[in-house]
Amino acid sequence: MRKAQMSRRSLLGAAAAAAALPLLSACGGEIDTDTDAPDGGTASGKETITIFAFLGNRLADMPKAFAQDYMSRHPNVDIKIYEDSNAVGYPKILAAKQATPDKPLVNMGFFNSQISAQGDLDGTWNTLDYAALSNATDISDTFRRPNSNGIGIGADQIGIVYNTENISTPPAGWADLWDDRHRGKLTLFDYWWQVVFMAARLNGGSLSNMDPGWNLWREKAGNIRTLVTANPEWQQVLSNGTADITSCWNGTGLQFKADGAPVDYVVPAEGAIAVPVYLQTVQGNSDNQQEICLDILNEMLAPKWCQMWAETAVQAPANSGVTLPADLAGLPGFQQANVDKLISVDWGLVAQQNAAWRSRWDADVKANI
């Protein structure tokens with residue numbers, strides 16, 4: 001008879017010395033402890049779980065601390081942290097899915113709103129049963145996805161970050177990014193469609209009509225000194241005089257500042273763009289891996305870990321039981337007046353248009369820098 005896979009509760013509860021011995025499942029079937037992990041799980045019964053975390057600053061602090069705590073309580077689980085930007089890492093996840101569907105590059109992770117929506121189109125995520133997650137009861141509807149493909153742990157926002165040593169008057173609104181006084185001193189993350197969206201929005205367009213934004217940035221691409229693809233590079237060019245102003249996440253900008261970069265975050269007068277961050281598990285996990293991932297995900301939603309994520313990522317927490325410390329609650333991005341004017345985005349539409357927008361970015365922005 002073909003051996004059944006080992007269940008999470010059996011896997012997590014088994015002692016390391018006994019992990020290799022055949023056990024009986026609740027259904028009476030023999031359980032195989034020699035299940036392979038995607039990157040080579042061992043015959044000792046250990047299961048390897050790889051968690052995707054954002055690269056740079058303190059964005060991996062919570063996942064790494066959680067991993068150490070979890071492994072100390074579950075000796076048959078080995079957690080690895082894979083750090084990368086969503087923009088660079090997700091194509092690798094997708095490539096692995098296409099090449100080896102049953103051996104995903106990562107088993108779960110932290111993903112921004114745009115990549116979460118793209119993953120819906122690509123069939124990358126597993127659908128969650130919110131009712132089976134005990135800590136989901138304290139997660140507001142704002143952080144629940146309509147298709148249940150993941151659940152939010154916090155929310156960031158996108159506004160403006162500037163070098164306080166080189167710019168004496170803080171930028172006030174989105175138009176500062178394309179103002180000629182910053183010509184040659186702007187840096188952007190590559191394919192940062194958000195500035196095109198805001199240019200369109202302020203010039204008669206919208207998310208579904210980006211032409212006014214593309215037209216403006218075709219003329220103003222000379223403002224851009226350099227494009228970056230990772231947070232450490234972003235921080236460096238904002239700190240060393242290469243560039244003085246950018247559009248950036250609130251949390252990332254404040255982390256740059258905490259690391260000593262001479263920068264500040266500004267909520268544009270028109271409002272910042274709301275960006276939830278979601279926890280997702282990846283298609284292709286074995287049954288064992290998926291059950292462990294769900295246990296990890298549920299624990300991460302608890303107040304202790306949700307609060308650590310909020311503090312280290314500098315984001316509004318998804319768990320209603322978390323109270324932000326005073327040093328965060330008093331920041332502009334967390335003040336209620338600014339929260340009330342956050343700009344919502346149809347991330348499904350973003351995912352649908354992303355390929356076309358990347359082509360327009362290459363033609364209208366990159367080609368004119």
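Under a 4.0 Å N-O distance rule, the pair Lys220/Asp179 does not qualify as a salt bridge. Between Asp244 and Arg225 there is no salt bridge, since no side-chain N of the basic residue sits under 4.0 Å from a carboxylate O of the acidic one.
Atoms CE and CD, from Met108 and Gln289 in turn, are 12.0 Å apart once rounded to the nearest 0.5 Å. Within the model, atoms CD1 of Ile79 and NZ of Lys46 stand 10.5 Å from one another, a figure rounded to the nearest 0.5 Å. For the atom pair Thr169 OG1 and Arg181 CZ, the distance stands at 6.5 Å (nearest 0.5 Å). In this structure, CZ on Arg358 lies 7.5 Å from CG on Asp362, to the nearest 0.5 angstrom. From Lys185, atom NZ reaches atom CG of Asn223 across 12.0 Å, with rounding to the nearest 0.5 Å. Here the CD1-CD1 distance, from Ile158 to Ile343, works out to 10.5 Å after rounding to the nearest 0.5 Å.
Without hydrogens or angle criteria, Asn126 side chain to Val282 main chain gives a donor-acceptor distance under 3.5 Å. Put simply, the side chain of Thr164 gets close to the backbone of Pro262: a donor and an acceptor are under 3.5 Å apart. Between the side chain of Asp138 and the main chain of Asn135, no donor-acceptor pair closer than 3.5 Å is present. Put simply, the side chain of Gln194 never gets that close to the backbone of Ile273: no donor and acceptor are under 3.5 Å apart. Although no hydrogens or angles enter the test, the distance criterion places a donor-acceptor pair under 3.5 Å between the side chain of Asn338 and the main chain of Pro332. Between the side chain of Thr312 and the backbone N or O of Leu59 there is no donor-acceptor pair closer than 3.5 Å. Without hydrogens or angle criteria, Trp174 side chain to Ala269 main chain gives no donor-acceptor distance under 3.5 Å. Judged by distance alone, the side chain of Arg144 and the main-chain N or O of Ala136 form a donor-acceptor pair under 3.5 Å. A side-chain donor-acceptor contact under 3.5 Å links Asp156 to the backbone of Gly251. At least one donor-acceptor pair under 3.5 Å links the side chain of Thr187 to the backbone N or O of Thr226.
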Between Arg58 and Val314, does the side chain to side chain contact (heavy atoms under 4.5 Å, CB included) criterion hold? Intermediate values first, please.
CA-CA 9 Å; Arg58 300 187 61 198; Val314 196; over 6 Å; no
Pair Leu254-Trp249, side chain to side chain contact (heavy atoms under 4.5 Å, CB included): steps then yes or no
CA-CA 9 Å; Leu254 291 172; Trp249 292 285; over 6 Å; no
Arg73 vs Asp69, test: salt bridge (Lys or Arg N to Asp or Glu O under 4.0 Å). Steps then yes/no.
CA-CA 7 Å; Arg73 293 180 287 111; Asp69 177 80; 2.8 Å; yes
Run the numbers on Tyr265 and Phe256 for side chain to side chain contact (heavy atoms under 4.5 Å, CB included), then give the verdict.
CA-CA 10 Å; Tyr265 173 80; Phe256 291 169; over 6 Å; no
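Cluster annotation: Val275 and Leu279 are assigned to distinct hydrophobic clusters (Ile/Leu/Val/Met/Phe/Trp/Tyr, side-chain heavy-atom contacts under 4.5 Å, transitive). Hydrophobic clustering keeps Phe197 apart from Leu342 (ILVMFWY residues linked when any side-chain heavy atoms are closer than 4.5 Å, directly or through intermediates). Two different hydrophobic clusters hold Val88 and Leu105 under the rule that ILVMFWY side chains link at heavy-atom gaps under 4.5 Å. Linking ILVMFWY residues whenever their side-chain heavy atoms come closer than 4.5 Å, directly or via other members, leaves Val277 and Leu331 in distinct clusters. If you chain together hydrophobic residues whose side chains sit under 4.5 Å apart, Val77 and Ile51 fall into the same group.
Nearest heavy-atom pair across Pro171 and Val266 is O-CG1, 3.3 Å. When all heavy atoms are compared, the tightest approach of Pro104 to Gly284 is CD-O, 3.6 Å. In plain terms, the two heavy atoms of Leu328 and Phe334 that are nearest each other are O-CD1, 3.2 Å. Taking every heavy atom of both residues into account, Ala318 and Gly152 meet most closely at CB-O, 3.4 Å. Annotation for Gly253 and Val161: closest pair CA-CG2, 3.9 Å, computed over non-hydrogen atoms. Closest heavy-atom contact between Ile81 and Ala53: CG2-CB, 3.8 Å.
In this structure, Trp192 and Phe189 have tilted ring planes: the angle between them lies in the 30° to 60° band.
Contacts of Thr127 classified as side-chain contact (heavy atoms from CB on, under 4.5 Å), with partners at least two apart in sequence or in another chain: Ser148, Asn149. Every residue was checked against the side-chain hydrogen bond (donor to acceptor under 3.5 Å, both in side chains) condition with Lys97, not counting sequence neighbours, and none meets it. In terms of the side-chain hydrogen bond (donor to acceptor under 3.5 Å, both in side chains) criterion, residue partners of Asn215 (sequence neighbours excluded) are, by chain and number, Arg218.
Using a 4.5 Å heavy-atom threshold, the side chains of Lys366 and Tyr191 count as touching. At a threshold of 4.5 Å between non-hydrogen side-chain atoms, the residues His74 and Glu47 do not count as touching. Looking at heavy atoms from C-beta onward, Pro317 lies out of side-chain contact with Asn319 at the 4.5 angstrom threshold. You'll find the side chain of Trp217 stays beyond 4.5 Å of the side chain of Asn368, heavy atoms only. Contact check for Asn112 versus Tyr90: no side-chain heavy atoms found under the 4.5 Å cut-off. Asp264 places a side-chain heavy atom less than 4.5 Å from the side chain of Lys257. With a 4.5 Å cut-off on side-chain heavy atoms, Arg145 and Gln280 count as touching. Counting only heavy atoms from C-beta outward, the side chains of Phe143 and Leu301 never approach each other to under 4.5 Å.
A donor-acceptor contact closer than 3.5 angstrom is absent between the side chains of Asp259 and Gln255. At a cut-off of 3.5 Å, with distance as the only test, a side-chain donor of Thr242 or Asn240 sits close to an acceptor on the other residue. Looking only at atom types and distance, the side chain of Trp361 has a donor-acceptor partner in the side chain of Asp190 under 3.5 Å away. Between the side chains of Asn231 and Ser85, not a single donor N or O lies within less than 3.5 Å of an accepting N or O. No hydrogens or angles considered: nothing links the side chains of Asp176 and Tyr162 as a donor-acceptor pair under 3.5 Å. Residues Thr246 and Trp234 bring a donor and an acceptor atom of their side chains to less than 3.5 Å of each other. Judged by distance alone, the side chains of Gln114 and Gln118 never bring a donor and an acceptor atom under 3.5 Å apart.
Screening Ile296, Leu297, Asn298 for a side-chain contact (heavy atoms from CB on, under 4.5 Å) with Met300, the sole residue that qualifies is Ile296. Considering Trp309, Tyr278, Trp305 as possible partners of Phe110, the one that fulfils the ring pair (Phe, Tyr, Trp, His ring centres under 6.0 Å) test is Trp309.
The environment of CD in Gln335 is crowded: more than 12 heavy-atom neighbours from other residues, nucleotides or ligands sit within 6.0 Å.
Centroid-to-centroid, the aromatic rings of Trp193 and Trp347 come within less than 6.0 Å. Here the two rings, on Trp125 and Phe111, have centers that are under 6.0 Å apart.
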